[in-house]
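Proteins get letters first, then strands, A, B, ... in listed order; numbering begins at 1 in each. Both backbone and side-chain heavy atoms feed into the values below; hydrogens, waters and symmetry mates do not. Just so it is clear, the model here is predicted, and its values are computed rather than measured.
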Amino acid sequence: MDIKKVKRSEDYSAWYNNLVKNADLAEHSDVKGCMVIKPYGYAIWEKMQAELDRRFKETGHQNAYFPLFIPKSFFTKEASHVEGFAKECAVVTHYRLKVDEITKEIVVDPEAKLEEELIVRPTSETIIWNTYRSWIQSYRDLPVLLNQWANVVRWEMRTRLFLRTTEFLWQEGHTAHATADEAIAETKQMLDVYADFAENILAVPVIKGVKSENERFAGAIETYCIEGLMQDGKALQMGTSHFLGQNFAKAFDVKYVTKENSREYVWATSWGVSTRLMGALIMSHSDDEGLILPPRLAPIQVVIIPIFRKPEEKIAVMEKAEAYTALLKKQGISVKLDDRDYQSPGFKFAEYELKGVPVRIAIGPRDVQNETVEVARRDTKEKQVMSAADLEHKIPHLLEQIQTNIYQRALDFRSENMYAADTWDEFMDILENKAGFISAHWDGTAETELKIKDLSKATIRCIPLNNHKEAGKCILTGKPSTQRVLFARAY
RNA sequence: CGGGGUGUAGCGUAGCCUGGUAUCGCGCCACAUUUGGGAUGUGGAGGCCGUAGGUUCGAAUCCUGCCACCCCGACCA
């Protein structure tokens, strides 16, 4: 393993890229902007999926799958939706290749041009609502509560591993309701599901809020979001939940007959989180030694490293190591016994630190002698000698402690980087010298928001849901404002 | 799309100015000694130097075109 050390404090961006590669999470593919998610990275994503999927099902949703390709005409039906996505769509125009008779090269067969171009989905509202038209006739067909796990493509100018890739993996929920209230309740419920997942599983504290008009999803009436703060003081949008009103129902003519026999348009929501959460996870907890994974997401929660010199030592050590492995597995803990005899213990220590394994247990001849083990935790790097008899009840507890500790650490970091600004100078000073979230007054206009963005590169991350009303003056225009909103520079 | 970079073994690189088919490290294979914080030695395998053309007796090196990817911005989950 050839690890080029880049310090987090010196070049956050290079540190992040190195970490993603060195920890074996993902690498650049030969396709621009697209990455290969490696087994270790994918294992983490699978754990995220499992946790989310369980929560979706607990809240009454089912999974389904819709096509990757969307006829172009579907896109033109919801005006603001097209406008939002048109400039980043991959388009399929042909369906066949052939050998060019002169050059003998494989070329697109010009005769195989599609009658209507197909868009590679950047999101599936259109094709799903086109389908819902035939599924929904009566109030009895509502609500429709579906989710799909899928890949989508957005042809972004600039990409970053996990944070913004041309193709990415996500889930998108699409629900249909009889009333606006019910749809709004669904939107908020899913936001809560995301926030719960982020805080309790990813161990990343988030702020729940609504987006300003500028930042709203293309085609939504209201966009709710969860926003996290990364270690470099930049914000990251970690999930969104949209109240779509009747926009898509009208665009795709999806109506239902009420109990009273009238015809009404259906109300919609959509909500999603993506592999960007991998980026959030990495950027929230990791350090110069590598990844730090919350135990609830770690593919390997405990690694056991046997240490020995002589063959007879190996036998004794391995016997204990195997017994402890079995013991912990019985507790439902994911344990790896690293019995590779061609790597030194020191190498393994460093490797599992790089990969963020929460707990490391080392067993050597000394431990066999004393009926002990050495237990090291990744988050604090503390080591302790533990009696082997205590493993069974102390390790599960330790894992919980680590989960709590890294959440608390991230929460403390966020609290320390949460500022209020009352003047433009204060605002700029915080952005330039401190970074983090800034709570400030804004006159509520899109125009001012854009001007602030131009001048400062900071955007309104959200209007927090628990915001209290407070009279004040816009930091830029001085016009009256009724509440503070949350600004930050963001990914 | 603007700006900056890079393409040489699986990875990271030297060589390029001053042409003579390639350096070093990691990794890989074999054997031996090792193993409580990234082991050591010996031997070995692995490269049409991104691509197309040009100059030349001869091109990784000089010239021209092309391609790809990365990084920084604008755009976005």
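Side-chain nitrogen and oxygen atoms of A/His28 include at least one within less than 4.0 Å of the OP1 or OP2 phosphate oxygen of B/C70. Regarding contacts with the backbone of B/C76, a side-chain N or O of A/Lys453 is found under 4.0 angstrom from either OP1 or OP2.
Between the CH2 atom of A/Trp271 and the P atom of B/A77 there is a distance of 18 Å, rounded to whole Å. Rounded to a whole Å, the CD atom of A/Glu353 is 12 Å from the P atom of B/G38. When rounded to the nearest whole Å, the span between CG of A/Asp11 and C1' of B/C71 equals 10 Å. Put simply, CZ on A/Phe349 is 9 Å from P on B/G38, counting in whole angstrom units. Distance A/Met157 CE to B/G73 C1': 12 Å, rounded to the nearest Å. Taking atom NZ on A/Lys32 and atom C1' on B/C69, their separation rounds to 8 Å, with Å as the unit. Between the P atom of B/G12 and the CG atom of A/Asn18 lies a distance of 11 Å, rounded to the nearest Å. To the nearest angstrom, P of B/U34 lies 11 Å from NZ of A/Lys310.
Not a single donor-acceptor contact under 3.5 angstrom links the side-chain atoms of A/Lys381 to the base of B/G37. Between the side chain of A/Glu289 and the base of B/G37, no donor-acceptor pair under 3.5 Å is found.
Ranking B/A39, B/G37, B/C76 by closeness to the A/Phe347 side chain, first place goes to B/A39.
Within 6.0 Å of CH2 on A/Trp155 lie no more than 12 heavy atoms contributed by other residues, nucleotides or ligands.
Within 4.0 Å (heavy atoms only), A/Glu172 reaches no atom of the nucleic acid at all. A/Arg340 comes within contact range of no nucleotide atom at all, as no heavy-atom separation falls under 4.0 Å. At a threshold of 4.0 angstrom between heavy atoms, the contacts of A/Phe168 include nucleobase atoms, whether or not backbone atoms are also involved. Within 4.0 Å of A/Lys457, counting heavy atoms only, lie sugar-phosphate atoms of the nucleic acid but no base atom. Counting any heavy atom pair closer than 4.0 Å across all strands shown, A/Gly33 reaches sugar-phosphate atoms only and no base atom. If you check every strand for non-hydrogen atoms under 4.0 Å, A/Glu156 touches a base. Residue A/Ser274 is classed as a base contact, given a heavy-atom separation below 4.0 Å to a base. Looking at heavy-atom distances under 4.0 Å, A/Ile305 makes no contact with the nucleic acid at all. Using a 4.0 Å heavy-atom criterion, one finds that A/Thr165 contacts the bases of the nucleic acid, with or without backbone contacts as well. Among the protein residues, A/Ser13 comes within range of the sugar-phosphate backbone only, with heavy atoms under 4.0 Å from sugar or phosphate atoms but none that close to a base. In this structure, A/Lys87 reaches the sugar-phosphate backbone alone: every heavy-atom distance under 4.0 Å involves primed, P, OP1 or OP2 atoms, never a base.
Look at the P atom in both B/C17 and B/A60: the space between them is 12 Å, to the nearest Å. On the P atoms, B/A9 is 27 Å away from B/G4, given to the nearest whole Å. With both ends at atom P, the span from B/U51 to B/G19 equals 23 Å, rounded to whole Å. The separation of B/A30 from B/C57, taken at their P atoms, amounts to 49 Å, rounded to a whole angstrom. For the P atom pair drawn from B/U8 and B/G12, the interatomic distance equals 8 Å after rounding to whole Å. Taking atom P in both B/A45 and B/A52, the straight-line distance is 29 Å, to the nearest Å. Distance check on atom C1': B/G20 versus B/G27 gives 32 Å, rounded to whole Å. Between the P atoms of B/U64 and B/C24, the separation comes to 32 Å (whole Å).
A/Glu186 and A/His61 share a side-chain donor-acceptor pair at under 3.5 Å. For the 3.5 Å distance criterion, the side chains of A/Glu83 and A/His81 fail to qualify, holding no donor opposite an acceptor. Counted by atom type alone, A/Asp232 and A/Tyr491 present one or more donor-acceptor pairs between their side chains at under 3.5 Å.
In terms of modelled atom types and a separation under 3.5 Å, the side chain of A/Ser29 and the main chain of A/Val31 share a donor-acceptor contact. The main-chain N or O of A/Ile305 is never found under 3.5 Å from a side-chain atom of A/Asp338 such that the two would form a donor-acceptor pair.
Contact check for A/Thr269 versus A/Ser241: no side-chain heavy atoms found under the 4.5 Å cut-off.
Along RNA chain B, the nucleotide closest to A/Leu161 and the one closest to A/Thr240 are compared, and the more 5′ of them pairs with A/Leu161. Of the two residues near RNA chain B, A/Thr166 and A/Asn17, the one whose nearest nucleotide lies more 5' is A/Asn17.
For the side chain to side chain contact (heavy atoms under 4.5 Å, CB included) criterion with A/Glu125, the lone passing option out of A/Phe85, A/Phe217, A/Phe75 is A/Phe217. With A/Arg378 as reference, A/Asp287 is the one residue of A/Leu293, A/Val303, A/Asp287, A/Ile406 to meet the side chain to side chain contact (heavy atoms under 4.5 Å, CB included) rule.
In RNA chain B, stems built from 3 or more consecutive Watson-Crick or G-U wobble pairs, each with both distances under 3.5 Å, span B:1-7 with B:67-73, B:10-12 with B:24-26, B:28-33 with B:39-44, B:50-54 with B:62-66.
A cation-pi arrangement is present between A/Arg360 and A/Phe349 under the rule of less than 6.0 angstrom and at most 45 degrees off the ring axis.
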